Enquirer: 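I have a structure I would like to understand better, so I am pasting it below and will then ask my questions one at a time.
Treat the numbers as computed from the prediction; the structure is a model and nothing was measured. Proteins get letters first, then strands, A, B, ... in listed order; numbering begins at 1 in each.
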Amino acid sequence: MRRKSLFPQVVIDRDTESEESSSEEEEEANVVLPEEERVQKGKTPITITLKKVCKVCKKSGHEAGFRGATYIDCPMKPCFLCKMPGHTTVTCPHRVATEYGMVPAPHKNTTNPLEFVFQRQLHPRLPPIKPAHVIPDQVHCAVIRYHSRRVTCLEFHPTNNNILLSGDKKGQLGIWDFGKVHEKTVYGNIHNCILNNMKFNPTNDGSIYAASSDGTISCTDLETGISLSLMNLNPNGWEGPSSWRMLYGLDVNSDRSVVLVADNFGYLYMADIRSNNKMSKPTLIHKKGTKVVGLNCNPLQPDLLLSCGNDHFARIWDMRCLEAGSSLYNLEHKRVVSSAYFSPLSGSKILTTSLDNRIRVWDSIFGNLDYPSREIVHSHDFNRYLTAFRAEWDAKDSSESLVVIGRYISENYDGAALHPIDFINISTGQLVAEVMDPNITTISSVNKLHPREDILASGSSRSLFIWRPKKLDIALPREEKRMVLCGEVSKKRNKKHGDESDDDSKYDIVRSKDNSLKQKKLASKSSSYKSRRS
DNA sequence: AGAAAATGATCCC
DNA sequence: TGGGATCCCTTTTC
């Protein structure tokens, strides 16, 4: 009562049931000023009516958003995971099914022109058993943060096992010796905007090619940082967005000694490695005016090229007869194709990641390519602000069935909303393992598996992570249950608590400011794995 | 602490 | 066909 004379009366009235009224008013709190109170006290009693208004669809009667560490979908929208109407992510069959997310694709038996392109030598060998050490049961995690913008690509050194290269949105190239955790080099003057893709020079471990949204290809000496430009598609500088060319999807055809890149208008370019010169004229390989984001040369037959992009297609080309419209096959997707790779050993499988939340697998390029062999529902559709997710092969897996990809939607792990990095068996669609760390609350959209060692590298926002197993020899019941792998961030050089936020070049663990309680809760469990969802 | 900004595909007219 | 609104489980900075 006393308070009422000091402060306006605030009555919060929660509406639990739906009401049919226009959405405009309901978004704002209704403020009611009763006449008599206003007159009597000279103060302003306020009645605030808070209705449950969904911030996604703006309708009342339900709410979308985080409840604790669990996100509640708007029921008026299609499932956020599988994109089908009628249910939400929580009840999505692709989330709760044992065979996580797999959708069998229809098969037809038609002859395939690729059979005539390829030699029989390329037939796949498919050992059914994966090496036992592929997936760690527990992981250590080392962290470094020296990029000033988000990480866009990662590449392991082809011969030195402890070197990880990273590119970022600003165009910087990072070289991290994660064996000696604190040793790193950053070259900031190679490109002046997004470093989209890079690839080591196949004839010289000491240099790397990179394609950038600044429209140039660089070849950088890793020791000196001296870089030369193989191509510049914007020689006249900025003349507006309709003419500015950006380069993506770099790969090297070593047979031809050619660097391949593609641009944001649908064109493929080549540069000769030996002369470091742009070759011939560009070829339109995707719908004119659309971005080509990925290029991949077949590991056994480099003249076979796989491209993908924003025209919703992945396309297969024969470099020997390359011209606009000459693709051997066009692999249709429902939305943008973020990545498309041949399998790393046999080159006979194809793996794509599309923004329709599906990983697609074609089991053999000798078979029918009209439809994928499998579609695996997986959350990697993102809104903005992230580097596109790409499902990446494990080159150590001789059966060519293990793939790693970051997950967009979070899961509630003992009260913390975390975004795991998923290991998926693309032969079965099964989620084999999920790696996360309670200290890492950001989304790890860039991931790469070490070509020779049991190491996973991740790029998440501006940070880089190296995950390695604590034990190598454990027998894993991989096919029976999924594994939750909790990392344990290395605490080395983490003694200073004061100046943690401003030094870009420090080595440190990642801390989340609002997550301290959750970390404590998780700490007791972070050193062991557990299965979940039975 | 809370707001703004950065910024990309897609859809609609 | 193109520009602007919209999408709406981000991350960082001020």
Enquirer: Applying the side-chain contact (heavy atoms from CB on, under 4.5 Å) test to A:His378, which of A:Thr353, A:Ile424, A:Leu431 qualifies?
Expert: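 Among the candidates, only A:Ile424 passes.
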
Enquirer: Please report the distance, rounded to the nearest Å, between NZ in A:Lys287 and P in C:dG2.
Expert: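 Result: 11 Å.
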
Enquirer: Would you call A:Asp311 and A:Lys291 a salt bridge, using N to O less than 4.0 angstrom?
Expert: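 Looking at A:Asp311 and A:Lys291, the cut-off is not met.
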
Enquirer: Whole angstrom is fine here: how far is it from NZ in A:Lys170 over to P in C:dT12?
Expert: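 Result: 15 Å.
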
Enquirer: Does A:Lys83 make a cation-pi contact with A:Phe80, if we ask for NZ or CZ under 6.0 Å from the ring centre and within 45° of the axis?
Expert: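 Yes, cation above the ring, under 6.0 Å and within 45°.
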
Enquirer: Taking atom P in both B:dG2 and C:dC8, compute the distance separating them and give it to the nearest angstrom.
Expert: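 The answer is 24 Å between these two P atoms.
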
Enquirer: Classify the side-chain pair A:Arg245/A:Tyr269 by whether it contains a donor and acceptor separated by less than 3.5 Å.
Expert: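 Looking only at side-chain atoms, A:Tyr269 and A:Arg245 do form a donor-acceptor pair, the distance falling under 3.5 Å.
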
Enquirer: Reading DNA chain C 5' to 3', what string of ( ), [ ], | and . shows its pairs, if Watson-Crick and G-U wobble pairs count only when both distances fall under 3.5 Å?
Expert: .||||||..|||||

Enquirer: Within the 3.5 Å criterion, strictly below it, is a donor on A:His419 or A:Thr442 matched to an acceptor on the partner's side chain?
Expert: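 The answer is no; no qualifying pair exists.
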
Enquirer: To check you understand the geometry: which heavy-atom pair defines the closest contact between A:Ser458 and A:Leu154, and what is its length?
Expert: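 Result for this residue pair: C-CD1, 3.7 Å.
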
Enquirer: Mind checking whether A:Phe156 and A:His450 have ring centres under 6.0 Å apart?
Expert: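 Between A:His450 and A:Phe156, which both carry aromatic rings, the centre distance is below 6.0 Å.
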
Enquirer: Does A:Tyr71 have its ring centroid less than 6.0 Å away from the ring centroid of A:Phe66?
Expert: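 That pair passes the under 6.0 Å test.
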
Enquirer: Quick one, give me the B/S/- string for nucleotides 8-13 of chain B, reading 5' to 3', where B means a protein heavy atom under 4.0 Å from the base and S means that only happens at the primed atoms, P, OP1 or OP2.
Expert: BSS---

Enquirer: Mind checking the P distance from C:dC14 to B:dT7? Whole angstroms is fine.
Expert: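 Approximately 15 Å lies between the P atom of C:dC14 and that of B:dT7.
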
Enquirer: At under 4.0 Å between heavy atoms, what does A:Ser461 touch on the DNA or RNA strands: base, sugar-phosphate, or nothing?
Expert: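 Counting heavy atoms under 4.0 Å across all strands, the contact made by A:Ser461 is with sugar-phosphate only.
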
Enquirer: Between P on C:dT10 and NE2 on A:His380, what's the gap in Å once rounded to a whole number?
Expert: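 Checked: the NE2 to P distance equals 17 Å.
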
Enquirer: Is the phosphate of C:dT13, meaning OP1 or OP2, less than 4.0 Å from a side-chain N or O of A:Arg462?
Expert: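 Result: yes.
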
Enquirer: Report the distance from atom NZ of A:Lys288 to atom P of C:dG2, rounded to the nearest whole Å.
Expert: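 After rounding, the gap between these two atoms is 12 Å.
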
Enquirer: Please report, rounded to the nearest Å, how far the P atom of C:dC8 is from the NZ atom of A:Lys77.
Expert: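 The distance from NZ of A:Lys77 to P of C:dC8 comes to 5 Å, rounded to the nearest Å.
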
Enquirer: Measure from CZ on A:Arg149 to C1' on B:dA5 and round the result to the nearest Å.
Expert: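 These atoms are roughly 11 Å apart.
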
Enquirer: Among side-chain atoms of A:Ser166 and A:Tyr146, is any donor-acceptor pair under 3.5 angstrom?
Expert: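 A donor-acceptor contact under 3.5 Å links the two side chains.
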
Enquirer: Just the rounded figure in Å: distance from P of C:dC7 to NZ of A:Lys55.
Expert: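 It works out to 14 Å between those atoms.
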
Enquirer: Output the rounded distance in Å from CG (A:Asn357) to C1' (C:dC9).
Expert: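 Checked: the CG to C1' distance equals 12 Å.
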
